[in-house]
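Before any comments, here is the structure.
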Amino acid sequence: MSSTASASASASGPLPGSAPASEAAGPAAAAVDPTAVFVRLKLSLIRNGLKGSSKRKAAYFTSLAFALVVAFFLTFGLAMLHGHAHANTVVVLLAAILALGWTFMPLFFPTGDETLDPSRLVMLPLRPRPLVRALLASSLIGIGPLFTLCVAVGSVVAVARGSAGIVAGVVAAPLLLLGCVALARTVATANVGLLSSRKGRDLAVLSGLVIAVGAQLANFASQRLMEAGGLAQLEPAAAVVQWLPPATAVGMVDSASRGAYGTAAAQLALTVLAVVLLMWLWERSLTRLMVTPDGSTIAAAGGREKRESAGAGIWSWLPAGRTGATLQRTLRYAVREPKTKMSWVSALAVGLIIPVFNALQGTGSVYLACFGAGMLGVQMYNQFGQDTSAFWMVAQTIGGTRDAYVELRARAYALALVTVPYTVVVTAVTAALVGDWQGFPAGLGMALALLGSMLCTGALASARFPYSIPTDGAFKNVAPGQGGLAWSGIFAGLLASAVICSPVIALTIWFKAADGMESLSWTVLPLGVVWGAAAAWAGVRLAAPVVARKLPEILQAVSKG
């Protein structure tokens, strides 16, 4: 945005509140309104972003259409709640969820809106207060504000009754939107150093975890809510939330509709006070940003050196030679590389959430621990593509089948180093929650057999179906034109894994179904360990000569992104 802003500032002249040098430009400079300039800049950014890229244009209009459809049905559904006894409970809690989304989404998706970074404007001759007004106006343009306004209108319609309620609703809808946008801008500006750093961009890896956990929590809460007697159970929470801005704006409409004008006035005052306070905090953050040098890079570098020296002893436990080096590189990628970290965090979280939440809902089974092993087993697929363009350095050290075998074996070791203890813990937790310790050995044995089978097929898929993972975009996991290759490897690998571990599965089912055989189900555990280890070894052995023979093709495939 800085280049566009600089060009527009140069074309339009200095803005109000500029430095003394700009005041010499004469009274014409004072006529320029920074708010109008920034609104035009935002519209230009949207318009220019759609030029020259049909994919970007399609993605934008698809997102716009999806947001409008969801907003329409949500607004219509809220409007249908008009007159319902618990309408205020629903809309107040929805307003609070909306505000939470505006607060945290800029931290999880800092690249979603490039205007969130005000550090690009520090070289412009602008003072913080005019800049706050201009940025606030430009922030009201976009899909997010439009969606929020639709939800606000639907919420107001749901609870507004009588002339007092309608008047309060006319004030409440823009106040809710203004509060959400001001909250997002204040948080983003206060964390601009974090958002513009690599560590801040790595926050995007948590989005998968938040979405996965949030979906399961919503599912769990909805089921419990229906069992407990419906929306009446949420009234105590809504009674508290309606005094927390900006949800107070919606609570004000309900209070005015009920004739509680004193309560409505207090909620209105609280909402306005919160918006003013957020604007003041935003202005202070902008002032500090514009006059304080950024030392985050130096601090981060010093902290990194300390961490490197402090963590040197951890790696000394690894074996020497190529195996130890590959283990260390693979584990470091899982901790540092954003795409790999996002994949690992999501797999670890979802692999635990599914069996635990099913157990809490009374539909769990100890065998659902296999889901966690399967989620982590997928990490073995496309091992070379995970290195992105850096794989050429690894390729220089592979001189034959033996080198390829040691490389793949060490990568499998690194995955097993995390996955095996994780699988044991997940299986034990699930067994404890469902009260089925007798099934623990069989569940763990089946999970380990599945993990070994996926290590086998993952090694083969990495050799035969390599593809590139783009470095840009948090959710771009396959380079253009390689989607079919990626899905072919994954689906073929999953089917082959099921076939490989089918004897262990069949034996477990037989022990469970046959009369008097359940007491022997513990034998599935040692069988699963041996079967999984043998399958993983065989897969690495079979994949190694393929890697050595097709190394130039693999290098070309993973370097396309």
- prompt: Do T457 and Y381 get their side chains close enough for a donor-acceptor pair, meaning under 3.5 Å?
  reply: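 A donor-acceptor contact under 3.5 Å links the two side chains.
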query: For S462 and R411, does a side-chain donor sit closer than 3.5 Å to a side-chain acceptor?
result: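 Absent: no donor and acceptor within the cut-off.
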Do side-chain atoms of [X] reach the backbone of [Y] as a donor and acceptor pair under 3.5 angstrom?
{"X": "T508", "Y": "V504", "answer": "yes"}
{"X": "T75", "Y": "C150", "answer": "yes"}
{"X": "T419", "Y": "A416", "answer": "no"}
{"X": "D436", "Y": "G439", "answer": "yes"}
{"X": "T523", "Y": "L520", "answer": "yes"}

Heavy-atom side-chain proximity of [X] to [Y] below 4.5 angstrom:
{"X": "L376", "Y": "W344", "answer": "yes"}
{"X": "P145", "Y": "W102", "answer": "yes"}
{"X": "I505", "Y": "W510", "answer": "no"}
{"X": "P319", "Y": "L327", "answer": "yes"}
{"X": "W392", "Y": "D387", "answer": "no"}
{"X": "P246", "Y": "C180", "answer": "yes"}
{"X": "F384", "Y": "V394", "answer": "no"}

Closest heavy-atom contact between [X] and [Y]?
{"X": "I500", "Y": "C456", "result": "CD1-SG, 3.9 Å"}
{"X": "W531", "Y": "C501", "result": "NE1-CA, 4.0 Å"}
{"X": "P466", "Y": "N382", "result": "CA-OD1, 3.7 Å"}
{"X": "V70", "Y": "F147", "result": "CG1-CE1, 3.8 Å"}
{"X": "V426", "Y": "G351", "result": "CG1-O, 4.0 Å"}
{"X": "T427", "Y": "G443", "result": "CG2-C, 4.2 Å"}

task: Go through the steps to decide whether H86 and L81 satisfy the test side chain to side chain contact (heavy atoms under 4.5 Å, CB included), and finish with yes or no.
output: CA-CA 8 Å; H86 302 295; L81 288 176; over 6 Å; no
query: Would you call the rings of F72 and F76 parallel, tilted or perpendicular, where under 30° means parallel and over 60° means perpendicular?
result: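 Answer is parallel, since the angle falls under 30°.
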message: Applying side chain to side chain contact (heavy atoms under 4.5 Å, CB included) to T326 and V406, what does each step give before you reach the verdict?
response: CA-CA 9 Å; T326 303; V406 175; 5.9 Å; no
field: For F491, ring pair (Phe, Tyr, Trp, His ring centres under 6.0 Å) partners two or more places apart
entry: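 If we apply the ring pair (Phe, Tyr, Trp, His ring centres under 6.0 Å) test to F491, skipping adjacent residues, the hits are W487.
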- prompt: In terms of heavy-atom contacts, does CZ of R464 have more than 12 from other residues, nucleotides or ligands at under 6.0 Å?
  reply: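 No, because the 6.0 Å sphere around CZ of R464 holds 12 heavy atoms or fewer from other groups.
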query: Can you list the steps and then say if L94 with V250 is a side chain to side chain contact (heavy atoms under 4.5 Å, CB included)?
result: CA-CA 10 Å; L94 181 61; V250 180; over 6 Å; no
query: Taking NZ, NE, NH1 and NH2 as the nitrogens, is one of them in R402 or E407 under 4.0 Å from a carboxylate oxygen of the other?
result: no
field: L494 and I490: CA distance, side-chain angles, deciding distance, side chain to side chain contact (heavy atoms under 4.5 Å, CB included) verdict
entry: CA-CA 6 Å; L494 292 176; I490 293 175; 4.0 Å; yes
Side-chain donor/acceptor pairs under 3.5 Å, residues 536-552, sequence neighbours excluded:
none

